[in-house]
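Position 1 is the first residue of the sequence; numbering continues from there. Hydrogens, waters and symmetry mates play no part in the numbers below; they use all other heavy atoms, side chains included.
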Amino acid sequence: VGIANHRSIAYGIADAAVKHGADLALTYQSPRLHSKVAPLAQELGASILMQCDLTDESEIESVVQELETKWGKLDFLVHAVAFAKREELDGRFLDTSRDGFARAMDVSVYSLVALVRGCEGLLKKANNGASVVTLSYYGAQKAVPNYNVMGVAKAALESAVRYLALDLGREGIRVNAISSGAIKTLSAAGIKGMRSRLGAIGEQVPLGRNISLDDIGKAGVAMLSDLSSGMTGEIVHVDSGYHALGAFLSD
C-alpha cells in the first residue's frame, strides 16, 4: 500500500518480492493516481489492483473482501504511506498548525493501525506466520532540519510498531519497520535541502555510498519472509550506517 512510481521505496520492495516468487496486490489512493500505479501493477504482475484511501474505512473493507475472495489469506503487508502538508515541512516545528499535525498523524500513523486491523483475519491465516512492514526514517529519532511534523509522526509510527507487535505476536503476526537512509524519491523531494545533502551523506557514511532501492528491496524481502521469523517490534536501519554516526557534516 503506497506504491507511487519506479523510484518509490515501496516499488523497490515490491520488485524484490516478485523476484523471490511473491504474488502481489497493489493499491492506489485515489482515481487520479490509477494511471500511475496501473502500469506498475502490470509490470509486477500484480493479481489485484484496487483503490484504497486509508482514511476511508469502507475502502479498506473493500480491499480486505477482495483479498479474502482471491487468496483467502495474506502472508505479508507493506505499509508505505505518509503525508504532511508541504508548508509544515519548512520553518519551525513550533509553528505546526493543529490541522497539519492531526493530518500527518492520521495519514502517516493511524493508517497503519487501521490497515492492520482490517487485514488481521487474513494475516492470521498465513501458513508460517505473517509479516507487516512499514517505513520510517531517522528523523523519528533525531531532529532533522525541515522534517518537522513528519519526524514526530514517524516517531509515533515506530511506537505503533512496538504496540502492534505486542498485540499480534501470539497470533503469529510480526510487525517491523525499515528506517531508510536518504534516497531520491518523490517524498524526499518535499523536504527542503534533502537532495542537496545526498552527496555529502554518500561520502561520509560508513559504507561510503548512498543506499539504493535494491538495498531496501533486499532488506524488505528478508523482513517479509521467514528469514526474519524471530524479529518483531524492530526498527531496521538500511542507511549505509548513517544512524551509527555521532556527528555529521551537512556539506
Side-chain angles (χ1 to χ4, degrees), residues 1-5 7-13 27-33 36-37 51-57 59-60 78-116 133-164 177-201 210-211 213 216 235 237-239 242-243 248-251:
V1 178
I3 192 168
N5 52 51
R7 292 194 298 173
S8 66
I9 291 175
Y11 175 83
I13 296 174
T27 69
Y28 53 93
Q29 187 262 340
S30 65
R32 69 181 180 83
L33 295 177
K36 295 182 179 181
V37 180
Q51 179 173 311
C52 186
D53 181 342
L54 292 181
T55 65
D56 187 331
E57 295 288 346
E59 293 196 8
I60 295 176
V78 177
H79 171 272
V81 178
F83 175 80
K85 294 181 178 180
R86 184 175 291 273
E87 59 267 28
E88 308 287 6
L89 300 179
D90 194 13
R92 305 190 306 170
F93 167 69
L94 182 62
D95 297 323
T96 303
S97 69
R98 186 179 297 273
D99 177 68
F101 189 94
R103 182 65 172 167
M105 286 292 181
D106 185 19
V107 177
S108 307
V109 186
Y110 190 76
S111 62
L112 173 66
V113 180
L115 182 62
V116 173
V133 169
T134 188
L135 303 179
S136 190
Y137 174 63
Y138 191 54
Q141 300 171 29
K142 301 291 184 180
V144 173
N146 301 312
Y147 204 53
N148 293 5
V149 69
M150 185 53 68
V152 176
K154 289 297 188 183
L157 180 71
E158 292 186 2
S159 182
V161 163
R162 292 184 282 271
Y163 279 95
L164 289 171
I178 292 176
S179 182
S180 166
I183 190 170
K184 290 183 179 180
T185 65
L186 186 63
S187 297
I191 303 171
K192 185 177 179 181
M194 179 63 75
R195 289 192 173 185
S196 65
R197 292 198 295 266
L198 282 172
I201 290 172
N210 291 117
I211 61 162
L213 285 184
I216 302 173
I235 312 301
H237 293 88
V238 184
D239 62 1
Y242 176 84
H243 72 282
F248 192 77
L249 299 179
S250 60
D251 296 307

- Can you name the closest pair of heavy atoms from A104 and V149 and give their distance? CB-CG2, 4.0 Å
- Message: Let's go through I235 and R162 carefully: what are the C-alpha distance in whole Å and the side-chain angles of both, what is the deciding distance for side chain to side chain contact (heavy atoms under 4.5 Å, CB included) to 0.1 Å, and is it a yes or a no?
- Response: CA-CA 9 Å; I235 312 301; R162 292 184 282 271; 4.2 Å; yes
- Between Y137 and E158, which heavy-atom pair has the shortest distance, and what is it? O-OE2, 4.0 Å
- Query: What is the minimum heavy-atom distance between H237 and Y138, and which atoms define it?
  - Reply: NE2-CD1, 4.4 Å
- Approximate separation, where rounding is to 0.5 Å, of D106 CG and T55 OG1: 6.5 Å
- Item | Heavy-atom check, side chain of S180 versus side chain of L135, under 4.5 Å | no
- C52 side chain reached by I60 side chain, heavy atoms, under 4.5 Å: yes
- Closest non-hydrogen contact found for G91 with N146 is N-OD1, 4.2 Å
- Task: Give a yes or no answer on whether the side chain of T134 reaches the backbone of A177 with a donor-acceptor pair at less than 3.5 Å.
- Result: no
- Query: Quick one: does E59's side chain get under 4.5 Å of T27's, heavy atoms only?
  - Reply: no
- Taking atom CD1 of I183 and atom CG of N210, what is their separation to the nearest 0.5 Å? 8.5 Å
- Message: Can you confirm whether V152 sits close enough to M105 that some side-chain heavy atom of one is under 4.5 Å from a side-chain heavy atom of the other?
- Response: yes
- Note on the structure: Taking every heavy atom of V81 against every heavy atom of H79, the minimum-distance pair comes out as O-CE1, 3.4 Å
- Query: Can you check whether D99 reaches K85 side chain to side chain, under 4.5 Å on heavy atoms?
  - Reply: yes
- Message: For I3, is there any backbone N or O sitting under 3.5 Å from a side-chain donor or acceptor partner on S8?
- Response: no
- Message: Measuring only between side-chain heavy atoms, which start at C-beta, is Y163 closer than 4.5 Å to V113?
- Response: no
- Side-chain contact test, heavy atoms from C-beta onward, threshold under 4.5 Å: evaluate it for N148 versus E88 and give yes or no. no
- Gap separating the OG atom of S136 from the CD atom of Q141, nearest 0.5 angstrom: 7.0 Å
- Reported OH-to-NZ distance for the pair Y147 and K154, which is rounded to 0.5 angstrom: 5.0 Å
- Query: Parallel, tilted or perpendicular for F101 and F93, by the 30°/60° rule?
  - Reply: tilted
- Would you call I9 and I178 a side-chain contact if the rule is heavy atoms closer than 4.5 Å? no
- Scanning both residues in full, the closest heavy-atom pair of A82 with S108 reads CA-OG, 3.4 Å
